[in-house]
Colleague: 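Shown below is the structure under consideration.
Computed from a predicted model, the values in this text were never measured in an experiment.
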Amino acid sequence: MSFKEIPLLDLSLASDPATKPAFLADLRHALLEVGFLYLKNVGISDALFANVIQEGKGFFDIPMEEKLKIEMKNAPSFLGYSQLSAEITAGAVDHREQIDLSTEHPVPSSDAPLHHNLLAPNQWPSPAVLPGFRPAFTEYMASMGRISLAFTSLIAEAIGLPPTAFDRYFDGSEQQHKLKVVRYPDAAELGLDGQDKTTNSSDHYQGVGPHKDSMLTSYLLQASRHRGLQVQNTRGEWIDCPPVDGTLVVAIGQGMEALTSGVCVSTTHRVLSPAAGSGSRFSIPFFQGVRGDATFDELETVGIGEVPAEIKDQRRAVLARSGGGGRRLDDVEFTFRSGGASKTLGEATLRNRVKSHQDVAERWYPDLLRDVRAQLAREKREKEERAAAGH
């Protein structure tokens, strides 16, 4: 049978030699069978969580003119404020507004590779209107950076690799992580009528469309009591991932799946807009960064070392029990893929940003946008031809 619920793990058990083996066994189960998990006792104080949630929600209450001062279109970094329904996922509009932040870097030099534009300073809201926002999120991103690196080493141990197996894909002091603060308005505020073809519902609309996270791991703080996050199992069923107090939701990325030869599964997920009358849903996802200059050839030829045969056998057994070898939505946007137009992870990430935020790309990357749109058109034609042929 495919999974029907999301497992919950206690990270504090990993620090005690007496309980660590059981923790790693539970983690291995989550990695091989689900690709998603709740994680509690991560080492961040309740006070910091509460402050981040308060400041994050407060951002959406500041005047629109203040938001537009830091609009994403102002800079080529894809950092800053994105207006409602400005982003595209799986070919459809996402009904959300957000601010994108990252570990800060200086503006790259003019002769740097184009994807280095993603390494840049943040566009922060003015302290005159939101004085506590920057300190709260600077502290939170630094804390989450440490937690994500430590957790990635536990993933390595859980599948029989050395704890340092993934270290080569990180930049050390130059590491760039990303974070979003997101608001999903309810259906009444959106003013949408009729049935949303992306969700097959007249009550719920696409908050963010079906997708897999790109790199190694991501960590979601569900900042309101709304349901809406759903994870797809191997039978194509959407499994609710509701908020659980004191936890982060961890998603395994495409990069982790690729680097572990499919042992750690990256799972398709989506977010439904809140039902009319339920108010806005808020979430704060953190995305662990990977060294952007790493080439796909390097990843494939150097690798992390061989995952033990018994772990691979366990994954094959999971697939046999669940009745399938792949997700039902196998055409979701895929960033971590070699053999295409991108030679490095940074180039692939930039193309994905261009695809998702075409309003930004029209200003800063018009040539790349034309190329991406042509690629999307080709992929659409190929998909239609396969469907017509009954494949």
Colleague: Heavy-atom distance under 4.5 Å between the side chains of T217 and I155, does that happen here?
Modeller: yes

Colleague: Is there a salt bridge (charged side-chain N to carboxylate O under 4.0 Å, His left out) between D245 and R225 once you walk through the steps?
Modeller: CA-CA 9 Å; D245 289 341; R225 301 305 304 168; 2.7 Å; yes

Colleague: Quick one: closest heavy-atom pair of S273 and H95, and the distance?
Modeller: OG-CB, 4.0 Å

Colleague: Would you check if the distance from the ring center of Y365 to the ring center of F78 is below 6.0 Å?
Modeller: yes

Colleague: Could you grab the distance from atom CG of L272 to atom CH2 of W238, nearest 0.5 Å is fine?
Modeller: 8.5 Å

Colleague: Do NZ/NE/NH1/NH2 and the carboxylate oxygens of E257 and R315 come within less than 4.0 Å?
Modeller: no

Colleague: Hydrophobic clustering (ILVMFWY, side-chain heavy atoms < 4.5 Å, transitive) - are V360 and W124 grouped together?
Modeller: no

Colleague: Please determine if E362 and R373 form a salt bridge, counting it only when a charged side-chain N lies under 4.0 Å from a carboxylate O.
Modeller: yes

Colleague: To the closest 0.5 Å, what do you measure between NZ (K178) and CE (M141)?
Modeller: 11.0 Å

Colleague: Taking the six-membered ring for Trp, are F170 and F166 ring centroids under 6.0 Å apart?
Modeller: no

Colleague: State whether a side-chain donor-acceptor pair under 3.5 Å links E97 with Y81.
Modeller: yes

Colleague: Do you see a donor-acceptor pair shorter than 3.5 Å between the side chains of E379 and Q375?
Modeller: yes

Colleague: Relative to each other, are the rings of F286 and H177 parallel, tilted or perpendicular (30° and 60° limits)?
Modeller: tilted

Colleague: Assess whether salt bridge (charged side-chain N to carboxylate O under 4.0 Å, His left out) is satisfied between R381 and E384, documenting all intermediate values.
Modeller: CA-CA 5 Å; R381 286 196 303 271; E384 291 172 346; over 6 Å; no

Colleague: Between Q222 and R281, is there a side-chain donor-acceptor contact under 3.5 Å, judged purely by atom types and distance?
Modeller: yes

Colleague: Hey, are the side chains of M144 and I44 touching, using non-hydrogen atoms and a 4.5 Å cut-off?
Modeller: yes

Colleague: Classify the ring geometry of F133 against F59: parallel below 30°, tilted from 30° to 60°, perpendicular beyond 60°.
Modeller: tilted

